[in-house]
K.L.:
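First the structure, then my questions, so here it is.
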Amino acid sequence: MSTDVQTDTALFELALRMGDNTLILGQQVSAWCGHAPILEEDIALANTALDLIGQTKLWLALAGEIEGKGRSADDLAFLRDARAFRNVLLVEQPNGDFGQTLMRQYLFDAWHLPMLTALKNSIETRVADIAEKSAKEAAYHLERSEDLIIRLGDGSDESHTRMQNALDALWPFAGELTQPDAIDDELAQRGLAPDLADIKTRHEERMRAALKEATLQVPEAAIRKGGKQGMHSEGLGYLLSDMQWLQRAYPGAEW
Amino acid sequence: MSTDVQTDTALFELALRMGDNTLILGQQVSAWCGHAPILEEDIALANTALDLIGQTKLWLALAGEIEGKGRSADDLAFLRDARAFRNVLLVEQPNGDFGQTLMRQYLFDAWHLPMLTALKNSIETRVADIAEKSAKEAAYHLERSEDLIIRLGDGSDESHTRMQNALDALWPFAGELTQPDAIDDELAQRGLAPDLADIKTRHEERMRAALKEATLQVPEAAIRKGGKQGMHSEGLGYLLSDMQWLQRAYPGAEW
Amino acid sequence: MAPEERAFQEKIDADIKIEPKEWMPEGYRKTLIRQISQHAHSEIVGQLPEGNWITRAPTLDRKAILLAKVQDEAGHGLYLYCAAETLGISRDQMTEQLLSGKAKYSSIFNYPTLTWADIGAIGWLVDGAAIMNQVPIQRCSFGPYSRAMIRVCKEESFHQRQGYDIMMKLVKGTDAQKEMAQDALNRWWHPALMMFGPPDAESVHSAQSMAWKIKMNTNDELRQKFVDETVPQADYLGLKVPDPDLKWNEERGHYDFGEIDWNEFYEVLKGNGPCNAERMAARQKAWNDGAWFRDGLMAHAKKREARKMAAE
Amino acid sequence: MAPEERAFQEKIDADIKIEPKEWMPEGYRKTLIRQISQHAHSEIVGQLPEGNWITRAPTLDRKAILLAKVQDEAGHGLYLYCAAETLGISRDQMTEQLLSGKAKYSSIFNYPTLTWADIGAIGWLVDGAAIMNQVPIQRCSFGPYSRAMIRVCKEESFHQRQGYDIMMKLVKGTDAQKEMAQDALNRWWHPALMMFGPPDAESVHSAQSMAWKIKMNTNDELRQKFVDETVPQADYLGLKVPDPDLKWNEERGHYDFGEIDWNEFYEVLKGNGPCNAERMAARQKAWNDGAWFRDGLMAHAKKREARKMAAE
């Protein structure tokens, strides 16, 4: 690797974090193909996964560009080990039942849309461009997942219980999305990304309103975090071993 | 790879089949560690897996020797893709509930012991030696799994139902263990391995007696096979992607 | 022949489409329901073998393409179910028939996808054979089925090209990749030929279905056409079709090919294929695990309705 | 002090072991039950972080060694439960306490194993710290606990060597492996130091436990001993202990080391560690999923008994 490259670390991390979130969530959602509760959901989930993978291509390609070491989006997706991934813990939580998959999606979407909307104002045009393209998809995802969690939360006793369980399990992971670290602070200062405190307000307001309409109780719980800094849960390794299998087993091959 | 090596294909296949069976079964059983229904079973399953992995080392080392291309037991275990594996379909069936794990183990053990016992008479002393060492362990495994399937089959209504379901799901796979192909025929003719027809008799007699005592009904079902020829079920790929992860992700590293 | 039946047949003979509300013979309706729902079920179950490689697709592009393809299949299922529903059967009834084993789906989906090359082979061969079967059905006499087929065929031919593209990449790749491609062809070739159904001599109902223009060609005709189109594609890939009896017959202007093991076909049909049990189990699990979801949405709709009523 | 209590304390002072049937103060019994069962639970839960890498161990040898180690841990759990049972609590009661969250287990097992190097680090550091804790307990006043500890310690030191051996292989390996080893040390160092419990100043019950010879050393003594022994091992591996304040203090004849973040310790203890929820969920699932198995064996035993009675 060349040593004369000056990587803009914060910007690189931003692209990785955005791209790893969509990659890991897309990977998880894609596992539902053919196994959803109704055919319309098979289609909707495939569509969501497709959008997320499409966004991943943009973010990780940008990350590779910023890094300047010649790594492609595929290199970054398929040839990093778990500790180098920068996705939040939320998106790597297991699919669980369909309710957990939906709740995970919702907590993510409710952050993703305001985040992308704000990133449209990034002074880095490459970031703003990707945000512009992705925000439309994110808006659609949010509309869909919000509608479903409201209908299922305020549905039958069983669907309510399942959605409440999903919320209890996943809520602790929602906070990481808007909890800034030094990199987030630098990004905000440089006008590359928004102040996460603003996103947090919008994220929480939106979620709390929808969850209330869904008749769901927001639990009290400590925030669980670490993913943005590469401290993941044990599940990520297994996810990667499937996802990266072919690239690892046939090094250097083209597909 | 050198081309002047004359591999004894049938003998190579024998060692692979024996070793892949114990490898894949050992791998699956080992996933129970820390998750068994009682502590004694955690210990017993770890012990079984340990024996199976130990036997794998012997068989695959022998396979590498016979092949004569310098592949070690680890190379064979960690660097082959699914189509090159020679285990029967039975051992790659999912762990399922604990009843399925036990039933899979039992159907295998009831074949493994007579098979190993007969292999002690192989004219190939390296085969006979491994069989000698392994047969004692296999006898212990069989005693244990047979006892358990009898107790659970003739236990509570629920345990009976679960064991019957396990038998219904797994019985179709038992036949492959004793269904000869051209390689088995050659091995028997050359005195390298027993006539599988003899093993079949012993396998079936033992199973039917024990299953009867377990008050379980042997289902009518077509034999499902193909693993010995490398035609596996879709589950094997996932099993391998975990098992081979580190060797694939860090090629050439020593551990 | 009764007058209405005569009128019906005359329309068909004149290539006028039959629409759902119009009179039709019971046999026509039943045959169509069976055929369309079986086709829909095939799309649904067909998600599984390919879905098996979505999480393991080797690049982001391949993952996206495969996702889009599987999504298309679910979409095809959806509009085929809609076409069948116009004949007076509900989607739930059809689902029940699939899950109980009463209704069939294409046997090809009872084979496992063991390597990435299988994704290529399915696109190339299975979608290829499907198109061969489906193109004529675009002209079939039942309006909704014909229109559904027009949409399906457009997407399928896209899928076939993508499958062929995967194969092309593999044969241009490493030795291991080439071997993977050949192995996939070896395993999928005969199952693909079987997709056209049993030989004409053994095929039942064919004459009536052809008169009704539900079926436009015989199984053997389509099979021959498939072989004739596909063998040169295999040649171009540098792959060997696994049939020692395959050779060009100058006189017939067609490829001759070897006997097909119809025993295997009937065994798979009976449920003894390599994945029948897994495919049914997967669909049953999806359906059963999803019951609370469907019930929950229903309960919400009722609540909303009740609230609306109370507010009025 | 009552006469029996005085006799009890005299025995302890004379290093005579207390056996289960003998008189003992309620506090002694309760403290021991808490301590031994907590230790047993730690062995049980301790299977999980290491078990996480059994299916992904990089060689057959490493897989076998890791399996044997996890098996040993289950075995330790078993004889520790037996030792606790002699004090009048059943294994089911203890299990219930673990699963309800009433009983604790060592907080170290609430950290995830993220790479293979973690398996090395756990063996080296976690088993190393455990041994440091347990060696003195071999001399503890309660016979069954003392004897269990003797067995446990023998195996643990074996495990520690295996862990160190994994680390050694890694630091002698590729750059990526070296980095993996350093990263594991970075993550496990402070949690390992916390295994000795809070600083002596904050430690409750210590004086009584030491008088009863249940506890033989203070937390800070053992922690210092661990640092003193482990730092040279890290040096030998060429790894850097993640503590800028660490340095040899010639005068004290010990290493000085930096402040420990006891906040983190208490957070993990409260249930907010990275894996508390996962560990509890895994154990609860194992127990709940296994209910039918335990009930089935019980039902069989009853049937057999009934048959025996009927035959008599």
K.L.:
Tell me, side chain or backbone of D:D72 under 4.5 Å from chain B's heavy atoms, or both, or neither?
P.N.:
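Nothing of D:D72, per the 4.5 Å heavy-atom cut-off to chain B.
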K.L.:
Quick check: closest heavy atoms across B:P37 and D:R294, and the distance to 0.1 Å?
P.N.:
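Shortest heavy-atom contact: O-NH1, 3.0 Å.
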K.L.:
Give the member of B:D154, B:L50, B:I53, B:D242 that has the highest number of heavy-atom pairs under 4.5 Å with chain D.
P.N.:
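So the answer, after comparing B:D154, B:L50, B:I53, B:D242, is B:D154.
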K.L.:
Heavy-atom pairs under 4.5 Å with chain B - which of D:L170, D:N52, D:I54 has more of them than the others?
P.N.:
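So the answer, after comparing D:L170, D:N52, D:I54, is D:I54.
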K.L.:
Check whether B:L102 gets within reach of chain D through its side chain, its backbone, both or neither, counting any heavy atom under 4.5 Å.
P.N.:
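Only the side chain of B:L102 comes within 4.5 Å of chain D.
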K.L.:
What is the minimum heavy-atom distance between B:A36 and D:A286, and which atoms define it?
P.N.:
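The answer is O-CB, 3.8 Å.
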K.L.:
So what's closer than 4.5 Å to chain D heavy atoms on B:F98: side chain, backbone, both or neither?
P.N.:
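Contact with chain D: backbone and side chain both.
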K.L.:
Run the numbers on D:F293 and B:E41 for side-chain contact (heavy atoms from CB on, under 4.5 Å), then give the verdict.
P.N.:
CA-CA 11 Å; D:F293 173 86; B:E41 285 303 311; 3.7 Å; yes
K.L.:
Strictly distance-based, threshold 3.5 Å: is any side-chain N or O of D:Q71 a donor or acceptor partner for the main-chain N or O of B:A46?
P.N.:
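Such a contact is absent between D:Q71 side chain and B:A46 backbone.
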K.L.:
So how far is it from D:L60 CG to B:M243 CE, rounded to the nearest 0.5 Å?
P.N.:
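Output value for this atom pair is 7.5 Å.
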K.L.:
Give, as side chain, backbone, both or neither, the part of D:A301 having an atom under 4.5 angstrom from any heavy atom of chain B.
P.N.:
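Neither part; nothing is under 4.5 Å.
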K.L.:
I need the residue from D:A74, D:A176, D:G75, D:G290 with the largest number of non-hydrogen atom pairs under 4.5 Å to chain B.
P.N.:
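With the most close heavy-atom pairs to chain B, the winner is D:A74.
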K.L.:
A quick test of your reading: do over 12 heavy atoms of other residues, nucleotides or ligands sit less than 6.0 Å from CZ of B:R144?
P.N.:
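Counting other residues, nucleotides and ligands, CZ of B:R144 exceeds 12 neighbours.
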K.L.:
I want to check something: taking the side chain as every heavy atom from C-beta on, are B:H35 and D:R283 in contact at a cut-off of under 4.5 Å?
P.N.:
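When only atoms from C-beta onward are counted, D:R283 and B:H35 do not touch, as no gap falls below 4.5 Å.
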K.L.:
Please report the interatomic distance CH2(B:W245) to CH2(D:W116), rounded to the nearest 0.5 Å.
P.N.:
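The CH2 atom of B:W245 sits 15.0 Å away from the CH2 atom of D:W116.
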K.L.:
More than 12 heavy atoms of other residues, nucleotides or ligands under 6.0 Å from CD of B:E40: is that the case?
P.N.:
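It does: B:E40 CD has more than 12 such atoms within range.
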K.L.:
Between D:R56 (side chain) and B:S241 (backbone), is there a donor-acceptor pair under 3.5 Å?
P.N.:
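No.
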K.L.:
Using non-hydrogen atoms and a 4.5 Å limit, figure out which bit of D:I44 sits close to chain B: side chain, backbone, both or neither.
P.N.:
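It is the side chain, since no backbone atom gets that close.
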K.L.:
Around B:E158, counting heavy atoms of other residues, nucleotides and ligands shown, do more than 12 lie under 6.0 Å from its CD?
P.N.:
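Count over threshold, so yes.
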K.L.:
In Å, rounded to the nearest 0.5 Å, how long is the span from OG of B:S159 to CG of D:D295?
P.N.:
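Going from OG on B:S159 over to CG on D:D295, the span is 8.5 Å.
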K.L.:
Would you say B:C33 and D:L67 make side-chain contact, with heavy atoms under 4.5 Å?
P.N.:
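Counting from C-beta outward, B:C33 and D:L67 do come under 4.5 Å.
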K.L.:
Of all of B:G34, B:A73, B:A49, which one pairs up most often with chain D through heavy atoms under 4.5 Å apart?
P.N.:
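With the most close heavy-atom pairs to chain D, the winner is B:G34.
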K.L.:
What part of D:I166 gets closer than 4.5 Å to chain B, counting heavy atoms only: side chain, backbone, both or neither?
P.N.:
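Answer is neither: D:I166 stays 4.5 Å or more from chain B.
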K.L.:
Indicate yes or no: at least one non-hydrogen side-chain atom of D:D61 is less than 4.5 angstrom from one of B:D74.
P.N.:
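No, their side chains stay 4.5 Å or more apart.
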K.L.:
Rounded at 0.5 Å granularity, tell me how far CG in B:D157 sits from CH2 in D:W292.
P.N.:
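The distance works out to 13.0 Å.
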K.L.:
Which atoms of D:L297 come close to chain B, meaning under 4.5 Å heavy atom to heavy atom: side chain ones, backbone ones, both, or neither?
P.N.:
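Backbone plus side chain of D:L297, per the 4.5 Å heavy-atom cut-off to chain B.
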K.L.:
Which atoms form the tightest heavy-atom contact between B:S156 and D:A299, and what is the distance?
P.N.:
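Closest approach of B:S156 to D:A299, heavy atoms only: N-CB, 3.5 Å.
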K.L.:
Heavy-atom distance under 4.5 Å between the side chains of B:L152 and D:H300, does that happen here?
P.N.:
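They are not in contact (no side-chain heavy atoms under 4.5 Å apart), so the answer is no.
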K.L.:
B:L39 versus chain D, heavy atoms under 4.5 Å apart: side chain, backbone, both or neither?
P.N.:
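Contact with chain D involves both backbone and side-chain atoms of B:L39.
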K.L.:
Can you list, pair by pair, the side-chain donor-acceptor contacts under 3.5 Å of residues 130-142 of chain B, counting residues two or more places apart and other chains?
P.N.:
from, atom 1, to, atom 2, distance (Å)
B:S134, OG, B:I130, O, 2.8
B:E137, OE1, B:Q55, NE2, 2.7
B:H141, NE2, B:D51, OD2, 2.8

K.L.:
For chain D, which residues from residues 246-255 of chain B have at least one heavy atom closer than 4.5 Å to it?
P.N.:
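At a heavy-atom separation under 4.5 Å, chain D is reached by B:L246, B:Q247, B:Y250, B:A253, B:E254, B:W255.
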K.L.:
For the interface with chain B, which of D:M168, D:E50, D:R91, D:K172 has the highest count of heavy-atom pairs at distances below 4.5 Å?
P.N.:
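Sorted descending by pairs with chain B, the first entry is D:R91.
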K.L.:
Would you say that more than 12 heavy atoms from the other residues, nucleotides or ligands in this model lie under 6.0 Å from the NZ of D:K302, or not?
P.N.:
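No, the 6.0 Å shell around NZ holds no more than 12 heavy atoms from other groups.
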K.L.:
Between B:T56, B:L23, B:I43, B:L60, which residue shows the highest count of heavy-atom pairs closer than 4.5 Å to chain D?
P.N.:
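If we count pairs closer than 4.5 Å to chain D, B:I43 comes out on top.
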K.L.:
So for D:M167, is it side chain, backbone, both, or neither that comes closer than 4.5 Å to the heavy atoms of chain B?
P.N.:
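No part of D:M167 comes within 4.5 Å of chain B.
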K.L.:
Are any of the side-chain heavy atoms of B:S30 and D:T55 separated by less than 4.5 Å?
P.N.:
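Yes. Closest side-chain heavy atoms under 4.5 Å.
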